[in-house]
Number of protein chains: 2
Amino acid sequence: MVQVLDKERVQARRMEILAAASAVFRERGFHAAGMREIAQRMGVAVGKLYYYFAGKEALLAFCQEDCLGRLLQVVEEAEKASDDPARQLAYIVRGHVRCLNSEVPGSLAHLEVESLAAADRARILRLRRRYERALQKVIERGVSTGCLRCGDPALATRSLLGAMNWTVKWWQPEGRMNLDDLADGLCEHALHGLAVSRRKGGT
Amino acid sequence: MVQVLDKERVQARRMEILAAASAVFRERGFHAAGMREIAQRMGVAVGKLYYYFAGKEALLAFCQEDCLGRLLQVVEEAEKASDDPARQLAYIVRGHVRCLNSEVPGSLAHLEVESLAAADRARILRLRRRYERALQKVIERGVSTGCLRCGDPALATRSLLGAMNWTVKWWQPEGRMNLDDLADGLCEHALHGLAVSRRKGGT
DNA sequence: TTATGATCTGAACCATGGTTCAAGTTCTGG
DNA sequence: CCAGAACTTGAACCATGGTTCAGATCATAA
């Protein structure tokens, strides 16, 4: 029992650290973020971070892993929530945008894979590819179902991913539109595009 | 005349350095890039960089300024090339994607504004805002012309920007599709979206 | 050829910031 | 209440890498 409790306690500590690290990473970017700063934010000494994590980049890896875990879970939920790929897409976009811009987890972490140790990077990239492939699958399923249409699903997926990830750079809680509006807007745009008519032409 | 020639020579040197710096920044990211590495790439000593630039972040600022200059020029060209906003958009997307992924200039530079000195950052952000506003204007013009349709032009602009900027993270020259195909694909997706019909519904 | 200024070099300097660790403090089981 | 493990501290250590600068080299004009 002690074992289990201890592990839970440790896990809890790790999550607390994750939250602080994630926040600082988000605000300053990985490189600009300092270990001392992370520690200070939670009112502890630097050493504590090293008791629970191997180092700064392990911290980043943990952030990314957590974030990707949530994203993958969002995909699962989406597929449970509806059979309509279009609806699934909307669900995922909401989850993705929310995941990157709010809550505990790793926002920029998802993006800065470069500054990861080779071992971690491989693992993270595997997860990431899995997520992106899942998203692409949703689109492809929509196409084969006939409710979506798309010349190049891989490209469309990446286009959407870019649009969603980019929100980190400009969206702010204080601004007009909340996260759900943002997500719905992006989704609407991804679905319907800018053109007035499908095949070129006037009003 | 000596004056002029000297200035030209200096300018040429600065551009050479820009090219090298830009390449290294693109490959490694700003923080991971080392001054020594940049110098080494052009076969000169570190000191030379400091003869022509105040420091690393001045180098980055110069990269970004150059890049944004090109982008703004693309917008001008687009507006000269056609009166049709949809065509203008296509032109800009091509220019943007090409600008970030090929040629000399600053790819990631365009994105990493955080690591800039306050003074530079302000100037760069002003340019960036001008560019993004110009892009948005194109979309808005399309809407008022009637050849485009869009619930939230600002959001659509940012969505498109995200999709374009994100290409830096995944597009590779060796892969299938060249830059123009990439740009056209993105543009197609931005215009027509994924939906089969405009207002929800089946085949 | 020589003086002068522009250009270039690269070893040395130094601030930053990630990391370590010896020493405290807290917790747990007996 | 005590021993020992778990946990926490923060000052000190040290590698990295941006920056400096005294001197070498090159270009130009007289």
Side-chain angles (χ1 to χ4, degrees), chain A residues 1-22 24-25 27-63 109 112 114-120, chain B residues 1-22 24-25 27-63 109 112 114-120:
Chain A
M1 187 184 105
V2 170
Q3 299 279 349
V4 178
L5 274 183
D6 273 14
K7 280 181 181 173
E8 274 175 13
R9 182 201 284 277
V10 166
Q11 198 54 23
R13 290 280 172 285
R14 284 171 64 92
M15 293 309 283
E16 285 172 23
I17 294 176
L18 170 67
S22 182
V24 177
F25 285 159
E27 286 176 21
R28 320 277 277 219
F30 175 69
H31 287 282
M35 291 301 269
R36 287 169 239 267
E37 195 181 349
I38 295 172
Q40 192 172 19
R41 164 162 313 218
M42 32 188 325
V44 301
V46 236
K48 185 168 181 177
L49 305 183
Y50 287 89
Y51 185 79
Y52 290 97
F53 289 93
K56 193 183 178 188
E57 88 185 5
L59 219 47
L60 178 63
F62 193 61
C63 279
E112 289 186 29
E114 304 77 34
S115 24
L116 236 47
D120 290 327
Chain B
M1 188 184 102
V2 170
Q3 300 277 349
V4 178
L5 274 184
D6 274 11
K7 280 182 181 171
E8 274 174 14
R9 182 201 285 278
V10 166
Q11 197 55 22
R13 290 280 172 285
R14 283 171 64 93
M15 292 310 283
E16 284 171 24
I17 293 176
L18 169 67
S22 181
V24 177
F25 285 160
E27 286 176 20
R28 321 278 276 219
F30 176 68
H31 287 282
M35 293 299 270
R36 290 171 237 266
E37 196 182 349
I38 296 172
Q40 192 171 19
R41 163 160 315 215
M42 32 189 323
V44 301
V46 236
K48 184 168 181 176
L49 304 182
Y50 288 88
Y51 186 79
Y52 290 98
F53 289 93
K56 193 183 178 188
E57 87 187 5
L59 220 46
L60 178 63
F62 193 61
C63 279
E112 291 185 30
E114 304 77 34
S115 24
L116 237 47
D120 288 327

Out of C:dC8, D:dC7, D:dT8, which nucleotide sits closest to the side chain of A:V10? D:dC7
In this structure, CG of A:L59 is separated from CD1 of A:I38 (nearest 0.5 Å) by 5.0 Å
Heavy atoms only, 4.0 Å cut-off, all strands: where does B:R36 land among base, sugar-phosphate and nothing? base
Between P on D:dT16 and CD on B:E37, what's the gap in Å once rounded to a whole number? 14 Å
Can you confirm if the NZ or CZ of A:K56 lies within 45° of the ring axis of A:F25 and under 6.0 Å from the centre of its six-membered ring? no
Which atom of A:Y52 lies closest to which atom of A:R13, heavy atoms considered: OH-CG, 3.4 Å
Using every non-hydrogen atom in the two residues, find where A:E57 and A:A117 come nearest and quote the distance to one decimal. OE2-CB, 2.6 Å
Could you check how far NE2 of B:H31 sits from P of D:dA15, rounded to whole Å? 23 Å
Which nucleotide in the set C:dG10, C:dT7, D:dG18 lies at the smallest distance from any side-chain heavy atom of B:R9? C:dT7
A:R28/A:E37 ion pair, N-O < 4.0 Å: yes
Shortest non-hydrogen separation from B:G55 to B:Y50 and the atoms involved: CA-CE2, 3.8 Å
Does the distance from a Lys or Arg side-chain N to an Asp or Glu carboxylate O, for A:K48 and A:E16, drop under 4.0 Å? no
Which part of the nucleic acid does A:A33 contact within heavy-atom distance under 4.0 Å: base, sugar-phosphate only, or nothing? sugar-phosphate
Interatomic distance where CD1 belongs to B:I38 and P belongs to D:dG17 [whole Å]: 12 Å
Counting any heavy atom closer than 4.0 Å, what does B:G34 reach on the DNA or RNA strands: base, sugar-phosphate only, or nothing? sugar-phosphate
Which one, D:dT19, C:dT9, D:dT8, comes nearest to the side chain of B:M35? D:dT19
In whole angstroms, how far is the P atom of D:dG10 from the CD atom of A:Q40? 11 Å
What's the closest nucleotide to the side chain of B:V46 if the choices are C:dG10, D:dT8, D:dT9? C:dG10
Nucleic acid contacts - residues 50-59 of chain B versus DNA chain C, non-hydrogen atoms under 4.0 Å: B:Y51, B:Y52
